[in-house]
Q: 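The structure is given below, and queries will be raised subsequently.
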Amino acid sequence: MQTQFKTLPATQELAQVERDLRFHPSTVTDPQLLSPEQVEGFNRDGYVRRVRVYDEAEATDNRAYFDALLARVVAEGGDSYSISTAHMRYGRVWDILTHPRIARVVKDLLGEDVVGWGSHFFCKMPGDGKQVHWHQDASYWPLTPSKTVTVWLAIDDADRENACMRVIPGTHHLGHLTYRMTEDRPDAVLNQEVEGAEDFGAPIDLELRAGEVSVHADLTLHGSEPNRSDRRRCGLTLRYCAADVVAGLGWDQKGVWLGEGPCPPQWGNPPRPEE
């Protein structure tokens with residue numbers, strides 16, 4: 001069956017469209033890299049963890065690349081959280097976003113036609129007192145319907161000691177939850193918090209070795225604690241959506257087509273940057 005794509009009229013903003021913020025379970029029955037049990041677990045719990053993408057040598061090379069990139073960004077006045085939409089500027093990050101093994105993991109959950117549209121390093125330096133409060137990614141994104149996942153690629157080893165990401169299983173079935181803004185919290189990395197999130201269940205620590213990934217749905221509650229350790233904890237978040245998703249606020253221009261056939265008309269499909 002040929003996929004049918006939608007696009008917004010040029011004069012219509014996504015904010016004026018009623019967003020579909022329901023979890024859409026994976027309908028993939030023959031995954032190629034994930035197991036059927038992992039797909040089933042994603043539908044049930046809202047996440048998949050510890051999928052190996054890069055071997056040890058490749059993970060070491062990724063870390064060396066990020067070390068140099070971070071030093072450059074800091075010298076230019078940025079910080080360890082400011083390297084966002086990185087695939088639009090850095091060819092190496094574009095290569096990671098489009099990596100066949102990562103794309104395969106995403107396709108095993110969303111289907112063969114997917115778009116990679118986001119890339120943001122979340123790097124907690126040793127002793128970093130900042131916290132990522134409980135939140136749902138869908139609250140931040142002008143996208144509909146809610147068919148988006150985040151791949152969290154470990155640049156460094158991430159464990160409970162150095163503030164690995166945590167999720168609350170099953171919360172993607174709760175729909176879009178009420179949150180409060182946290183601009184008054186100097187310790188907050190992001191500006192939203194779902195209060196009382198742990199009333200919905202016990203958190204699970206998504207510990208990863210460098211080169212491994214986890215994947216979570218855009219409605220799964222997640223966050224991370226301050227890094228009180230003497231070790232850095234860096235992850236590259238990569239965002240993907242199904243091909244029938246539409247974007248507002250110009251976000252469509254960030255979407256790299258990873259499916260078969262021509263790119264859907266609502267996505268820009270930018271080329272690999274030379275830098």
Side-chain angles (χ1 to χ4, degrees), residues 13-24 45-47 78-86 117-125 128-153 158 160 162-206 214-228 233-241 245-252 254-255:
E13 293 293 336
L14 189 65
Q16 298 173 312
V17 177
E18 184 177 355
R19 294 176 64 200
D20 178 357
L21 291 172
R22 301 168 296 156
F23 175 65
H24 295 264
D45 299 325
Y47 68 94
D79 61 30
S80 63
Y81 296 106
S82 62
I83 311 175
S84 184
T85 318
W117 59 264
S119 49
H120 187 179
F121 287 97
F122 280 81
C123 178
K124 293 191 176 189
M125 301 302 288
D128 187 338
K130 290 185 178 295
Q131 180 177 1
V132 179
H133 293 285
W134 293 112
H135 68 282
Q136 295 172 303
D137 289 338
S139 294
Y140 291 92
W141 300 339
L143 306 174
T144 189
S146 186
K147 298 181 182 179
T148 300
V149 299
T150 292
V151 173
W152 205 98
L153 169 64
R160 173 179 278 189
N162 69 346
C164 65
M165 189 174 66
R166 314 177 81 200
V167 299
I168 301 181
T171 47
H172 59 310
H173 294 299
L174 301 177
H176 190 219
L177 299 171
T178 301
Y179 59 87
R180 78 173 189 92
M181 303 304 292
T182 58
E183 288 94 340
D184 60 330
R185 298 283 297 272
D187 64 335
V189 174
L190 302 176
N191 63 356
Q192 295 180 10
E193 177 185 12
V194 175
E195 296 182 289
E198 294 186 27
D199 292 342
F200 297 119
I204 299 294
D205 295 306
L206 297 189
S214 65
V215 188
H216 63 268
D218 58 359
L219 290 168
T220 302
L221 277 171
H222 62 288
S224 61
E225 297 297 307
N227 180 11
R228 308 292 189 191
R233 190 233 66 179
C234 178
L236 173 58
T237 59
L238 304 164
R239 324 289 193 173
Y240 303 85
C241 65
V245 171
V246 294
L249 303 178
W251 285 35
D252 53 300
K254 302 188 292 184

Q: Quick check: does any side chain N or O of K130 sit under 3.5 Å from a backbone N or O of P186, one acting as donor and the other as acceptor?
A: yes
Q: Using a 3.5 Å distance criterion without hydrogens, assess whether the side chain of R233 forms a donor-acceptor pair with backbone atoms of F122.
A: yes
Q: Is the backbone of L143 close enough, under 3.5 Å, to the side chain of R19 for a donor and an acceptor to pair up by distance?
A: yes
Q: Mind listing the closest non-hydrogen atom pair of G175 and Q136 along with its distance?
A: O-NE2, 2.9 Å
Q: Going by the rule side chain to side chain donor-acceptor pair (under 3.5 Å), which residues pair with N162 if we only count those two or more places apart in sequence or in a different chain?
A: none
Q: Any donor-acceptor pair under 3.5 Å linking the side chain of S80 with the backbone of C123?
A: yes
Q: Run the side chain to side chain contact (heavy atoms under 4.5 Å, CB included) test on F200 and L221 for me, step by step, so that the C-alpha distance in whole Å, both residues' side-chain angles and the decisive distance to 0.1 Å come before the verdict.
A: CA-CA 9 Å; F200 297 119; L221 277 171; 3.8 Å; yes
Q: I need the minimum non-hydrogen distance between V245 and P145, along with the two atoms involved.
A: CG2-O, 3.5 Å
Q: Among D137, T237, T220, D218, find the one that has a side-chain hydrogen bond (donor to acceptor under 3.5 Å, both in side chains) with T150.
A: D137
Q: Counting only N and O atoms by type, is there a donor-acceptor contact under 3.5 Å from the side chain of H120 to the main-chain atoms of Y81?
A: yes
Q: Does the plane of the ring in W141 sit parallel, tilted or perpendicular to the ring in W117? Use 30° and 60° as the thresholds.
A: perpendicular
Q: Does D45 have any side chain to side chain donor-acceptor pair (under 3.5 Å) partners at least two apart in sequence or in another chain, and if so, which?
A: none
Q: Using the rule given for side chain to side chain contact (heavy atoms under 4.5 Å, CB included), can you reason through Q131 versus E193, listing the C-alpha separation, both sets of side-chain angles and the distance that settles it, and then say yes or no?
A: CA-CA 11 Å; Q131 180 177 1; E193 177 185 12; over 6 Å; no
